[in-house]
Amino acid sequence: MPNPIADPFVEVPDTDAVSELVTLEATPDGAVTVTLNRAAKKNAFDEALIGALRETFETLRDQEMLRVVFVRGAGGVFSAGADLEWMRDAIDHTEEDNRDDALQMAIMLKHLHDIPALTVALVEGGAYGGGAGLVACCDMAVATQDAKFAFSEVKLGLIAATVSPYVVLAIGPRRARRLFSSGEVFDAAAAQSFGLVDEVVADAAALEAAKDRIAQRQLACAPGAVEESKRLVEEVAYREIDHELMRHTAHRIAAQRVSDEGQAGVRAFLSGAKPPWNE
């Protein structure tokens with residue numbers, strides 16, 4: 001697909017519709033907001049929405065100008081999970097057909113996971129099933145205090161399969177076993193205690209204020225270093241701290257120190273100037 005966000009980065013703030021189902025706002029300094037735009041359906045997932053999100057996240061994954069990506073739902077609801085009509089249409093599908101549908105969801109989530117910039121879920125209303133999985137797939141999440149969450153697949157005789165790698169990473173296996181197995185609905189305070197949400201705010205206005213604060217904070221961070229930091233976490237997570245890992249981390253910081261960003265950032269700090277990515 002054509003890149004819908006390149007021009008707003010280098011010209012003026014703009015809003016482009018990747019499709020009617022997903023809107024994308026980009027500012028010249030690299031802050032992007034992706035909005036699930038099926039408010040009438042509470043932003044529930046169907047084949048078309050998953051496809052639009054997959055293309056959007058794939059486009060963002062390959063952008064060099066990104067500083068932060070926000071993901072939210074239109075109409076005051078993050079996502080109700082799977083669309084009921086889509087589920088009804090799929091009930092007679094073969095296992096192979098279901099496998100193909102599920103793989104599209106898995107690919108969409110992986111594209112979001114692989115975006116080089118910090119990704120932030122902004123949660124209002126409900127985030128159920130795949131919607132809660134989308135929250136887990138982001139690097140961080142901010143939710144209003146009245147937001148509700150659930151991995152409710154078991155109540156339909158299903159399992160939270162495609163979102164499971166990201167949920168387990170976010171909240172740990174023991175908590176995931178509980179939430180996947182019970183399908184219980186939990187509030188924003190519980191989501192924060194589980195590790196699914198990082199910050200709980202009072203209302204929609206406070207959510208907007210948090211969005212602005214996070215966007216401004218990211219301008220102080222070198223975009224290449226952010227990407228490398230995210231990659232570093234993947235490389236070291238759950239590994240034994242042995243000589244091989246110690247050597248690897250030493251090589252990683254050494255390479256970053258002599259990189260263009262590393263040189264520019266340290267020189268700017270020592271001279272009391274702003275680094276080039278925050279001028």
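Scope of the values below: all heavy atoms of this structure, side chains included, with no hydrogens, waters or symmetry mates. None of these values were measured; they are calculated from a predicted model.
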Using side-chain heavy atoms (C-beta onward) and a distance below 4.5 Å, is Arg61 in contact with Glu58?
yes
For side chain to side chain contact (heavy atoms under 4.5 Å, CB included), just list the numbers for Cys138 and Leu112, CA-CA rounded to whole Å, side-chain angles, deciding distance to a tenth of an Å, and then say yes or no.
CA-CA 7 Å; Cys138 291; Leu112 172 58; 4.1 Å; yes
Counting only heavy atoms not in Arg247, do more than 12 fall under 6.0 Å of its CZ?
no
Heavy-atom count check: over 12 atoms from other residues, nucleotides or ligands less than 6.0 Å from Lys148 NZ?
yes
Quick one: do Leu60 and Val135 end up in the same hydrophobic cluster if we chain Ile, Leu, Val, Met, Phe, Trp and Tyr together by side-chain heavy atoms under 4.5 Å apart?
yes
What one should report as the nearest heavy-atom pair of Ser164 and Ala161 is OG-O, 2.6 Å
In terms of the angle between their ring planes, are Tyr166 and His113 parallel, tilted or perpendicular, with boundaries placed at 30° and 60°?
tilted
Test side chain to side chain donor-acceptor pair (under 3.5 Å) applied to Arg213 and Glu199, Glu208, Gln218, the passing residue
Glu199
Can you get from Val123 to Leu36 by hopping between Ile, Leu, Val, Met, Phe, Trp and Tyr side chains that sit under 4.5 Å apart?
yes
Would you say Val236 and Leu245 make side-chain contact, with heavy atoms under 4.5 Å?
yes
Check whether more than 12 heavy atoms from other residues, nucleotides or ligands sit under 6.0 Å from atom CD of Gln263, and answer yes or no.
yes
Could you walk me through whether Glu124 and Val77 pass the side chain to side chain contact (heavy atoms under 4.5 Å, CB included) check?
CA-CA 5 Å; Glu124 302 173 80; Val77 176; over 6 Å; no
Separation between CZ of Arg267 and OG of Ser271, rounded to the nearest 0.5 Å
9.5 Å
Value rounded to 0.5 Å, distance of CD1 in Ile50 from OG1 in Thr162
8.0 Å
Starting from Val167, can I reach Phe186 by hopping between I/L/V/M/F/W/Y residues whose side chains sit under 4.5 Å apart?
yes
With a 3.5 Å distance limit and no angle check, can you tell me whether Asn37 reaches the backbone of Glu20 through a side-chain donor-acceptor pair?
yes
For Glu184, is the CD atom crowded, meaning more than 12 foreign heavy atoms sit under 6.0 Å from it?
yes
Return the CD to CG distance between Glu95 and Asp100, rounded to the nearest 0.5 Å.
11.0 Å
Between Ala206 and Val201, the two heavy atoms sitting closest are CB-CB, 3.7 Å
Quick check for you: to the nearest 0.5 Å, what is the distance between Thr35 atom OG1 and Leu21 atom CG?
12.5 Å
Can you find a heavy atom in the side chain of Glu261 that is under 4.5 Å from one in the side chain of Pro223?
yes
Side chains of Arg252 and Glu235: does their closest heavy-atom pair fall under 4.5 Å?
yes
Is the closest side-chain heavy-atom distance between Arg54 and Gln104 below 4.5 Å?
yes
Neighbour count above 12 (heavy atom, 6.0 Å) for Leu270 CG
yes
Just by distance, do the side chain of Arg67 and the backbone of Cys221 share a donor-acceptor pair under 3.5 Å?
yes
To the nearest 0.5 Å, what is the distance between CZ on Phe194 and CZ on Arg178?
4.0 Å
Quick check: are there more than 12 heavy atoms from other residues, nucleotides or ligands sitting under 6.0 Å from CG of Asp260?
no
Contact summary for Asp198 and Asp139, nearest pair of heavy atoms
OD2-O, 4.4 Å
I'd like to know whether Met105 forms a side chain to side chain contact (heavy atoms under 4.5 Å, CB included) with Met108, so could you lay out the CA-CA distance, the side-chain angles of the two residues, the decisive distance to 0.1 Å, and finally the verdict.
CA-CA 5 Å; Met105 180 76 171; Met108 178 269 285; 3.5 Å; yes
Shortest non-hydrogen contact from Phe70 toward Lys211:
CZ-O, 3.3 Å
Using only heavy-atom distances, determine whether the side chains of Thr27 and Asp29 contain a donor-acceptor pair under 3.5 Å.
yes
Side-chain contact test, heavy atoms from C-beta onward, threshold under 4.5 Å: evaluate it for Val71 versus Leu53 and give yes or no.
no
Heavy-atom side-chain proximity of Glu153 to Phe180 below 4.5 angstrom
no
Minimum heavy-atom distance between Ser79 and Gly131, given as atom pair plus value
CB-CA, 3.8 Å
First locate atom CD1 of Ile214, then atom CG of Leu219, and finally report the distance between them rounded to the nearest 0.5 Å.
12.5 Å
Does the pair Lys41/Asp46 count as a salt bridge with the N-to-O cut at 4.0 Å?
no
Is there a side-chain contact between Val34 and Arg72 (heavy atoms, below 4.5 Å)?
no
Is it true that a side-chain atom of Lys274 and a backbone atom of Ala268 form a donor plus acceptor pair closer than 3.5 Å?
no
Under a single-linkage definition using a 4.5 Å side-chain heavy-atom cutoff for Ile, Leu, Val, Met, Phe, Trp and Tyr, are Met65 and Leu118 assigned to the same hydrophobic cluster?
no
Counting only N and O atoms by type, is there a donor-acceptor contact under 3.5 Å from the side chain of Asn43 to the main-chain atoms of Ala74?
yes
In terms of heavy-atom contacts, Ala188 and Phe149 come closest through CA-CE1, 3.9 Å
Treat each ILVMFWY residue as a node, draw an edge where side-chain heavy atoms are under 4.5 Å apart, and state whether Met140 and Val68 are in one component.
yes
Determine, step by step, whether His111 and Glu55 satisfy the side chain to side chain contact (heavy atoms under 4.5 Å, CB included) criterion, reporting the C-alpha distance in whole Å, the side-chain angles of both residues, the deciding distance to 0.1 Å, and the verdict.
CA-CA 9 Å; His111 286 335; Glu55 292 187 16; over 6 Å; no
Please evaluate residues Glu227 and Arg231 with respect to the criterion salt bridge (Lys or Arg N to Asp or Glu O under 4.0 Å), reporting the C-alpha separation (whole Å), side-chain torsions for both, the decisive distance (0.1 Å), and the verdict.
CA-CA 6 Å; Glu227 179 178 3; Arg231 182 175 292 120; 3.3 Å; yes
